There are 2 protein chains.
Amino acid sequence: MAHDHGMPADLTRNQELVLGALNHAPAPLSAYDILDKLRSEGLRAPLQIYRALDKLVERGLAHRLESLNAFVACADAHCHRKGLIAFAICEACGKVDEFADEVIEERLGAWAKDTGFKTERTTMEIRGKCAACLKAAA
Amino acid sequence: MAHDHGMPADLTRNQELVLGALNHAPAPLSAYDILDKLRSEGLRAPLQIYRALDKLVERGLAHRLESLNAFVACADAHCHRKGLIAFAICEACGKVDEFADEVIEERLGAWAKDTGFKTERTTMEIRGKCAACLKAAA
DNA sequence: GCGGCGACGTTATGCTATAACGTATTCAAG
DNA sequence: CTTGAATACGTTATAGCATAACGTCGCCGC
């Protein structure tokens with residue numbers, strides 16, 4: 001497959017459009033960025049975007065990056081990755097790398113257990129420069 | 001000391017006021033929350049708050065919580081904690097617990113080394129319910 | 001003195017997100 | 001069939017978060 005943008009079949013039109021926009025973007029998009037890309041499709045209001053994003057995030061098809069107030073498509077289009085996901089965000093090119101680490105997850109779990117905290121959601125975001133940009137700058 | 005709010009002596013008036021507001025708050029405050037608390041001191045514009053916050057965060061006296069768009073005083077008023085800090089935010093009472101974990105730091109460092117990513121800043125925020133609130137709800 | 005620097009104050013503006021309302025569609029139970 | 005719940009939709013208005021751009025002031029070293 002040259003371009004794997006397979007999406008679940010049961011998305012609504014708006015959800016499909018929003019996910020499509022995220023899939024084709026090389027970097028995270030804000031809700032308003034997405035709106036601008038989709039005006040030609042008839043979308044007009046921020047709420048149309050936010051509502052679609054809520055569903056997509058809920059289903060694990062997209063992620064919200066808290067430190068950017070922006071969104072990305074899930075790196076793995078097929079499976080909803082379980083557990084904690086970390087994001088590495090390049091401040092030069094904007095690309096986002098997504099990874100999981102069981103050890104980190106286990107450490108956070110241990111901390112929660114020790115303190116009696118009930119975790120509902122965890123965000124981990126690393127800002128910096130990716131290898132490609134470092135190389136290009138050298 | 002009953003109430004340890006010792007601050008560095010070289011803060012400007014605005015920085016002192018803002019840090020004071022954060023120190024006395026039981027939960028994170030948004031910049032506008034702070035502004036409202038400080039109107040009686042003569043502060044009027046958001047920028048006055050944001051400028052002070054920038055400096056405080058830069059010096060490690062306060063932290064920004066990305067997932068809340070809000071700020072807290074550093075839990076340890078004296079030393080600027082080094083390295084990565086994780087925040088556990090209770091969605092019931094708003095309290096924030098701040099902790100560090102070398103293992104996590106080491107794992108992220110290893111990931112960065114492997115992929116050639118140069119980390120500049122990391123945010124880790126856990127949302128959930130604290131032990132006290134869980135107990136109260138039971 | 002003077003020039004650089006950093007903090008300050010003010011106005012205006014831009015970006016991010018949600019409230020509140022009503023409508024359209026689907027679908028299953030009665 | 002039809003009625004009611006559930007869900008998505010569209011629109012307008014508004015709330016909440018953050019910064020641009022300008023000029024001023026006071027400090028300090030030269």
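Chain identifiers are assigned alphabetically (A, B, ...) following the order of the sequence lines, protein sequences preceding nucleic acid strands; residue numbering begins at 1 within each chain. Bear in mind that the values here come from a model prediction, so they are computed numbers and not experimental data.
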K.L.:
Could you identify which residues of residues 30-39 of chain B place a heavy atom less than 4.0 Å from some atom of DNA chain D, listed by residue number, or say none?
P.N.:
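Residues of residues 30-39 of chain B that come under 4.0 Å of DNA chain D are, in numerical order, B:S30, B:Y32.
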K.L.:
Under 4.0 Å from any atom of DNA chain D, heavy atoms only: list the residues of residues 44-53 of chain A that qualify, in numerical order.
P.N.:
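The answer is A:R44, A:A45, A:L47, A:Q48, A:R51.
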K.L.:
Using atom types as modelled, flag every donor-acceptor pair under 3.5 Å from a side chain in residues 130-138 of chain B to any protein atom, sequence neighbours excluded.
P.N.:
none

K.L.:
With a 4.0 angstrom cut-off to heavy atoms of chain A, pull out the first and last contacting nucleotide of DNA chain C, in 5'-to-3' order.
P.N.:
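Both ends considered, the range comes out as C:dT16 to C:dA20.
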K.L.:
Let me confirm one number: the CG-CG distance from B:L35 to B:L17, rounded to the nearest 0.5 Å.
P.N.:
11.5 Å
K.L.:
Hey, can you pull the donor-acceptor pairs under 3.5 Å for the side chains in residues 50-57 of chain B, sequence neighbours left out?
P.N.:
none

K.L.:
Is there a side-chain contact between A:H63 and A:I85, using heavy atoms and a 4.5 Å cut-off?
P.N.:
yes
K.L.:
Among all residues two or more places apart in sequence or in another chain, which pass the side chain to side chain donor-acceptor pair (under 3.5 Å) test with B:E105?
P.N.:
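With sequence neighbours excluded, B:E105 shows a side chain to side chain donor-acceptor pair (under 3.5 Å) to no residue whatsoever.
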K.L.:
Look at A:N14 and D:dG10 and indicate whether a side-chain polar atom (N or O) is within less than 4.0 Å of OP1 or OP2.
P.N.:
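Answer yes for this pair, as a side-chain N or O of A:N14 is under 4.0 Å from OP1 or OP2.
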K.L.:
Name the pairs: protein N/O against N/O of nucleotides 24-26 of chain D, kept only if under 3.5 Å.
P.N.:
none

K.L.:
Can you sort out the partners of B:T119 under side-chain contact (heavy atoms from CB on, under 4.5 Å), two or more places apart, ordered by chain and number?
P.N.:
A:I126, B:A112, B:F117, B:T122
K.L.:
Separation of B:L68 atom CG from D:dA18 atom P, in whole Å?
P.N.:
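Going from CG in B:L68 over to P in D:dA18 covers 11 Å.
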K.L.:
Does atom NZ (B:K129) have a neighbourhood of more than 12 heavy atoms from anything else shown, all under 6.0 Å?
P.N.:
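More than 12 heavy atoms, drawn from other residues, nucleotides or ligands, come within 6.0 Å of this atom.
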K.L.:
Please write out which residues are connected to A:V103 in a hydrophobic cluster, directly or through intermediates, given that two of Ile, Leu, Val, Met, Phe, Trp, Tyr count as joined at side-chain heavy-atom separations below 4.5 angstrom.
P.N.:
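Joined to A:V103, directly or through intermediates: B:V103.
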K.L.:
Who pairs with A:A25 by side-chain contact (heavy atoms from CB on, under 4.5 Å), at least two apart in sequence or on another chain?
P.N.:
A:L29
K.L.:
If you assign B:N69 and B:Q15 each to the DNA chain C nucleotide with the nearest heavy atom, which residue ends up on the more 5' nucleotide?
P.N.:
B:Q15
K.L.:
Does any donor atom in the side chain of A:E125 or A:S67 lie under 3.5 Å from an acceptor atom in the other side chain?
P.N.:
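Indeed, the side chains of A:E125 and A:S67 share at least one donor-acceptor pair under 3.5 Å.
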K.L.:
D:dC28 C1' sits how many Å from B:D10 CG, rounded?
P.N.:
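Spelled out: CG on B:D10 to C1' on D:dC28 is 16 Å.
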K.L.:
For residues A:L61 and A:L11, determine if any side-chain heavy atom of one lies less than 4.5 Å from a side-chain heavy atom of the other.
P.N.:
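Yes, side chains in contact.
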K.L.:
Side-chain polar contacts of residues 86-93 of chain B - donor-acceptor pairs under 3.5 angstrom, sequence neighbours left out - could you list them?
P.N.:
{"unit_1": "B:E91", "atom_1": "OE2", "unit_2": "B:R127", "atom_2": "NE", "d": "2.9"}
{"unit_1": "B:E91", "atom_1": "OE2", "unit_2": "B:R127", "atom_2": "NH2", "d": "2.9"}

K.L.:
Can you list every pair that meets salt bridge (Lys or Arg N to Asp or Glu O under 4.0 Å) and has a residue in residues 9-36 of chain A, with sequence neighbours left out?
P.N.:
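Applying salt bridge (Lys or Arg N to Asp or Glu O under 4.0 Å) to every pair that reaches into residues 9-36 of chain A, excluding sequence neighbours, yields A:D10-A:R59, A:R13-A:E41, A:D36-A:R39.
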